[in-house]
Amino acid sequence: MQPDRYAADDDESPASGVPSSSDLTGGLIPAHVACVMDGNGRWAARRGLPRTEGHAAGEAALLDAVEGALELGIPWITMYAFSTENWRRPADEVRYLMGFNESLLARRRDELHEKGVRIRFAGRRDWRVPKRVLKRMDESIEMTAGNRRCTLTMAFNYGGRAEIVDAVRRLIADGVAPEKVDEKAIRSRLYYPDQPDPDLVIRTSGEHRISNFLLWQLAYSELVFDEVLWPDFRRSHLFAAVRDFQQRQRRYGGVT
Ligand code: FPP
C-alpha cells in the first residue's frame with residue numbers, strides 16, 4: 001500500500017498529553033467552534049512543494065476536525081476557507097483555491113451528509129466567485145439542508161468587516177430609523193443570525209491574529225493559538241483546545 005503522502009506527522013500531536021473525547025464530555029462542550037486554517041503554505045514550503053499542495057493536504061485535517069467535533073457533540077463549526085482579502089494572493093493560487101473548494105465539496109459532501117452535517121456558506125456571492133463553484137455550493141446546501149447533527153459553515157469569500165457592511169446596508173434598505181439601531185437590529189442582519197457566537201476560536205500555525213474573521217461574533221470568544229500547521233491538525237488538536245477552553249473562566253465583562 002502507498003503511504004498516505006498527506007498523513008499528519010506523528011510528532012505534531014499536542015505536547016501536553018492528548019485528551020480523549022470521553023475525558024472532555026463530562027465538562028462544558030463549546031456550542032460553536034470556529035477555526036482559522038492557517039499554515040498550509042508553510043507546510044508545503046518545508047517539504048519543497050508548491051503552496052497548493054499544502055491546501056490539498058489541508059483537506060484531511062478539515063475532515064478529521066469535523067469528525068472530532070461530531071465525536072464531542074459540537075453542534076456548530078465554522079471554517080475560514082477563503083477571505084475577502086485572499087483575492088490578493090497570486091492568481092494561480094486563487095484559481096487553485098476556487099477549484100479546490102469546488103472539488104472538495106464534490107468529494108466530501110456525500111459523506112458529510114451521511115454523518116448528519118448541514119453545510120452552509122458565509123460570505124459574499126460576488127462576481128469573482130466562479131459560477132461552477134456557486135453551483136456546487138448550492139447543491140451542497142440543498143442536499144444537507146435537513147441535517148441537524150452539526151452545522152458546518154464554510155466562510156468563503158468572507159470578511160468580518162464586509163459582513164458588518166452588508167448588515168448596515170440591509171438596515172438602510174429596511175428603512176430602520178437611527179434610534180431603532182441597536183445590537184439586536186444589527187445581529188439579526190448578519191449572515192446567520194440563528195448561529196450562536198463562537199465559544200472557541202482556534203488558529204493554527206502560531207500566528208496570533210484574527211484576520212477579519214467573524215469580527216462581530218468574536219466579542220467574547222475564547223481564543224486558542226496552536227503552533228501546528230493546518231495540514232497536520234487532527235481531532236487531537238481540537239480536543240486539546242477544548243480542554244484548554246474548559247479551564248477558562250468566562251466573565252463577559254462581569255465578575256465571577
Ligand atoms: C486567514 O489568514 C486564513 C484564512 C482565510 C484561511 C485560508 C485557508 C485556506 C486558503 C485553505 C483552505 C483549506 C481548506 C482545506 C478548505 P490570511 O492568510 O488570510 O490572513 P493574514 O494575511 O492575516 O495571515
Side-chain angles (χ1 to χ4, degrees), residues 30-38 62 65-66 69 74-88 94 97-98 100-102 104-105 108-109 112-113 116-176 180-203 209-223:
H32 184 178
V33 176
C35 290
V36 182
M37 304 183 283
D38 198 11
L62 171 61
V66 173
I74 295 170
W76 304 87
I77 331 164
T78 300
M79 296 289 189
Y80 207 2
F82 193 86
S83 80
T84 43
E85 287 66 44
N86 289 153
W87 297 103
R88 295 180 191 145
V94 168
L97 283 169
M98 291 296 138
F100 173 61
N101 275 283
E102 185 209 340
L104 186 147
L105 288 172
R108 302 295 191 165
R109 65 182 173 190
L112 289 168
H113 180 47
V117 176
R118 172 171 60 161
I119 304 172
R120 309 202 290 197
F121 298 87
R124 283 187 171 164
R125 293 172 65 102
D126 66 28
W127 57 272
R128 293 174 295 186
V129 182
K131 291 261 183 319
R132 63 193 159 78
V133 181
L134 293 173
K135 183 166 172 279
R136 195 74 76 190
M137 286 161 62
D138 288 340
E139 288 165 3
S140 309
I141 293 167
E142 200 182 324
M143 171 187 271
T144 62
N147 296 337
R148 287 294 179 277
R149 186 175 174 204
C150 176
T151 298
L152 166 63
T153 303
M154 300 297 287
F156 187 76
N157 195 20
Y158 175 87
R161 289 181 177 175
E163 181 175 22
I164 295 169
V165 167
D166 289 349
V168 172
R169 286 180 179 164
R170 283 184 204 163
L171 276 174
I172 294 169
D174 292 344
V176 180
K180 298 275 185 207
V181 176
D182 55 12
E183 291 187 13
K184 197 167 155 231
I186 295 174
R187 177 182 289 279
S188 66
R189 289 168 176 85
L190 296 175
Y191 296 145
Y192 287 116
D194 63 333
Q195 186 164 276
D197 289 346
D199 297 300
L200 170 63
V201 178
I202 304 168
R203 181 171 185 146
R209 282 195 294 280
I210 294 302
S211 300
N212 204 13
F213 193 34
L214 302 171
L215 294 183
W216 177 279
Q217 297 88 335
L218 296 195
Y220 283 102
S221 304
E222 295 296 329
L223 309 179

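Because the structure is predicted, anything quoted here is derived from the model rather than measured.
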Strictly below 4.0 Å, N to O, side chains only: are [X] and [Y] in salt-bridge contact?
X	Y	answer
D138	K135	no
D182	K184	no
K180	D174	no

Qualifying residue, where the test is side-chain contact (heavy atoms from CB on, under 4.5 Å) with [X] and the options are [options]:
X	options	result
Q217	T78, D197, V201	D197
E102	V129, V133, L134	V133
W76	T151, D199, V33, L152	T151

So which heavy atom on [X] is nearest to which on [Y], and how close?
X	Y	value
N147	G116	CB-O, 3.3 Å
A81	M154	CB-CE, 3.8 Å
A31	I74	O-CG2, 4.0 Å
Y158	A122	CB-O, 3.4 Å
N157	W87	OD1-NE1, 2.8 Å
N212	Y80	O-OH, 3.3 Å

Got more than 12 heavy atoms from elsewhere within 6.0 Å of CZ, R88?
->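 At most 12 heavy atoms, drawn from other residues, nucleotides or ligands, come within 6.0 Å of this atom.
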
Does R161 CZ have over 12 foreign heavy atoms under 6.0 Å away?
->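 Atom CZ in R161 is not packed in, count stays at 12 or less.
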
Step-by-step side chain to side chain contact (heavy atoms under 4.5 Å, CB included) determination, T144 to L112 = CA-CA 8 Å; T144 62; L112 289 168; 5.6 Å; no

Can you label the angle between the F121 ring and the F156 ring as parallel, tilted or perpendicular, going by 30° and 60°?
->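 F121 and F156: perpendicular rings.
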
Reported [atom1]-to-[atom2] distance for the pair [X] and [Y], which is rounded to 0.5 angstrom:
X	Y	atom1	atom2	result
I202	M79	CD1	CE	8.0 Å
S211	D38	OG	CG	7.0 Å
I164	L171	CD1	CG	11.5 Å
H32	Q195	NE2	CD	4.5 Å
I119	H113	CD1	NE2	9.5 Å
E163	W216	CD	CH2	10.0 Å

Is a side-chain N or O of [X] found less than 3.5 angstrom from the main chain of [Y], in a donor-acceptor match?
X	Y	answer
R203	R209	yes
R136	R132	no
S221	P198	yes
R148	A145	yes

Step-by-step side chain to side chain contact (heavy atoms under 4.5 Å, CB included) determination, V165 to R124 = CA-CA 11 Å; V165 167; R124 283 187 171 164; 3.9 Å; yes

Do D166 and Y191 get their side chains close enough for a donor-acceptor pair, meaning under 3.5 Å?
->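 Yes, because at least one side-chain N or O of D166 sits under 3.5 Å from a partner of the opposite role on Y191.
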
Do the non-hydrogen side-chain atoms of N101 and L105 ever get within less than 4.5 Å of each other?
->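 Side-chain contact under 4.5 Å: no.
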
Is there a side-chain contact between R189 and V176 (heavy atoms, below 4.5 Å)?
->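 With C-beta onward as the side chain, the pair touches.
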
Tell me, with the steps shown, if V181 and I186 meet side chain to side chain contact (heavy atoms under 4.5 Å, CB included).
-> CA-CA 7 Å; V181 176; I186 295 174; 4.2 Å; yes

